[in-house]
Amino acid sequence: MKILVTGGIGYIGSHTVVELMNLGHIPIIIDNLVNSDIEVLDRIEKITGKRPIFEKVEMCNFDEMHRLFEKYPDIDAVIHFAALLLVEESVEEPLIYYYNNLTSTINLLQCMAEFNINKIVFSSSCTVYGEPDNLPVDEFAPIKPAMSPYGNTKKICEDILTDTVKATDIRCIMLRYFNPIGAHETALIGEFQDGPPHHLIPYITETAFGKREKLRIFGNDYNTPDGTCLRDYIHVVDIAIAHIAAIERMMKNTDKNIEVFNLGTGIGYSVLDMVNAFETATGIKINYEIVPRRAGDVEAVYADTHRANTELNWKAERTLEEMMRSAWKWEKALAGEK
Ligand code: UFG
């Protein structure tokens, strides 16, 4: 199949492209290179032995998108990753986030409708559940007011997709990611970032590497077993594989127009659990201190994965130890070590 992958050289996108290529599919990657590195194409080629098709496209520019669809009118399905995704930045620059994440999605859907391309897998996030009333959280849980403009763009894109599916032939699977971590086993692809990390695991690995003096743990007075927040951390390769399952499901099922699946392991680990898991997996001690809570953090969120396991026929398989080992290998690879 020919699959258009927006944001296909980003963190989750690049891992998904590798899995698609391993199965013989043909990804057509588009990316505006704002938050990504063109060198990832070389790395994908090293892993798969083939260079994926790449087009530099600004999705917010309708004409550029239209020209892309004219060039590739025989796309079978779309996986839509491309988005700005930093929570704090979105609070500072809400208009940039709303403009980018919504306009790109609208332009994509308009082109899909015009060119009769009717299958899309959308990258959503557990952020739409906010602080859930019940845990584990399933797909029927109420959508809560977003904690950030970034989170709101995910919610609004879900609404845009839901309404578009009702009004057109387009069908959609929305995948709500919990906390993707880790990297490809080759350590050729992983999460690239400029400046200080935004998420827990790169903070842990940079501290272990000596780039940072200590990890700051945001609060130990939450109502959780050890007082630190609970999250559902999942290996990025497991997330990537779920996209293939979603595409395959859409190819087979013609009666379901829109579906939503949680992508997690179903286990909630605390921040201290993660520090311990890293220490056990690598033998390296992490220097940390407890600091006040971070604004906007939810106390606990982890997935009910029943629906993804049974309907999507997908299950996260990689262990926490594998997640930590791959994250550590990636950190060392970034620094040019073997
Ligand atoms: N944490 C620390 N110290 C750090 C970084 C994180 O203690 O230096 C803690 C956070 O307080 C939180 C946990 O580690 O309890 C995980 O934090 P991350 O920043 O790694 O991940 P989040 O759960 O905050 O972020 C995820 C997704 C976002 C999404 C957000 C909101 O990565 O894309 O959930 O639901 F927007």
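First listed ligand is number 1; within each ligand, the first listed atom is number 1. Keep in mind it's a predicted model, so treat the numbers as computed, not measured.
- In summary, the atoms of ligand 1 found under 4.0 Å from a heavy atom of His198, numbered by their order in the structure, are 19 (O).
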Test side chain to side chain donor-acceptor pair (under 3.5 Å) on Ser123 and His80; report intermediate values, then the result. CA-CA 6 Å; Ser123 290; His80 179 31; over 6 Å; no
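- Here Glu311 pairs with Arg249 in a salt bridge; the nearest charged N to carboxylate O distance falls below 4.0 Å.
- Ligand 1 lies out of reach of Lys154, whose nearest heavy atom is not under 4.0 Å from it.
- Under a 4.0 Å N-O distance rule, the pair Lys2/Asp76 does not qualify as a salt bridge.
- The shortest N/O to N/O separation between Leu200 and ligand 1 falls below 3.5 Å.
- Annotation for ligand 1: atoms under 4.0 Å from non-hydrogen atoms of Val87 are 36 (F).
- Looking at Lys71 and Glu55, a side-chain N of the basic residue comes within less than 4.0 Å of a carboxylate O on the acidic one, giving a salt bridge.
- Looking at Arg294 next to ligand 1, an N or O pair under 3.5 Å apart turns up.
- No more than 12 heavy atoms of other residues, nucleotides or ligands shown are found within 6.0 angstrom of CD on Glu213.
- Scanning the protein heavy atoms around atom 3 (N) of ligand 1, the nearest turns out to be Arg216 O, 2.7 Å.
- With Phe218 as the aromatic partner, Arg293 does not meet the cation-pi criteria of under 6.0 angstrom to the ring centre and within 45 degrees of the ring axis.
- Heavy atoms of Met147 found under 4.0 angstrom from ligand 1: none, in either backbone or side chain.
- Among protein heavy atoms, atom 36 (F) of ligand 1 sits closest to Tyr150 CE2, 3.1 Å.
- Aromatic pair Phe69/Phe115: centroids less than 6.0 angstrom apart.
- Using a cut-off of 4.0 Å between Lys/Arg side-chain N and Asp/Glu carboxylate O, Glu158 and Lys154 are scored as not salt-bridged.
- Protein heavy atom closest to atom 2 (C) of ligand 1, with residue, atom name and distance, is Phe218 CD1, 3.3 Å.
- In this structure, Tyr288 falls outside the shell of residues with a heavy atom less than 4.0 angstrom from ligand 1.
- Per-residue contacts place Cys229 under 4.0 angstrom from the following atoms of ligand 1 (heavy atoms of the residue considered): 15 (O).
- Protein heavy atoms are absent from the 4.0 Å sphere centred on atom 34 (O) of ligand 1.
- In this structure, Arg325 and Thr282 have side chains that are not in contact, with every pair of non-hydrogen atoms separated by 4.5 Å or more.
- For atom 32 (O) of ligand 1, the nearest protein heavy atom (residue, atom name, distance) is His199 CE1, 3.1 Å.
- Neither the backbone nor the side chain of Met274 has a heavy atom within less than 4.0 Å of ligand 1.
- Only the side chain of Asp297 comes within contact range of ligand 1, with a heavy atom under 4.0 Å; no backbone atom does.
- For the pair Asp63 and Arg67, the salt-bridge criterion is not met [side-chain N within less than 4.0 Å of a carboxylate O].
- For Tyr233, every heavy-atom contact with ligand 1 shorter than 4.0 Å involves the side chain, none the backbone.
- The protein non-hydrogen atom at the shortest distance from atom 22 (P) of ligand 1 is Asn179 ND2, 3.6 Å.
- With respect to Asp42 and Arg51, a salt bridge is recorded, a charged nitrogen being found less than 4.0 Å from a carboxylate O.
- Counting protein heavy atoms only, atom 9 (C) of ligand 1 is closest to Val271 CG2, 3.8 Å.
- Heavy-atom contacts from other residues, nucleotides or ligands closer than 6.0 Å to NZ of Lys315 number 12 or fewer.
- For Arg212 and Tyr203, the positive end sits near the middle of the six-membered ring, less than 6.0 Å away and at most 45° from its axis.
- In terms of protein heavy atoms, atom 12 (C) of ligand 1 is closest to Arg231 NH2, 3.8 Å.
- For atom 31 (C) of ligand 1, the nearest protein heavy atom (residue, atom name, distance) is Thr127 OG1, 3.4 Å.
- With ligand atoms numbered from 1 in the order given, ligand 1 contributes 7 (O) to contacts under 4.0 Å with heavy atoms of Ile217.
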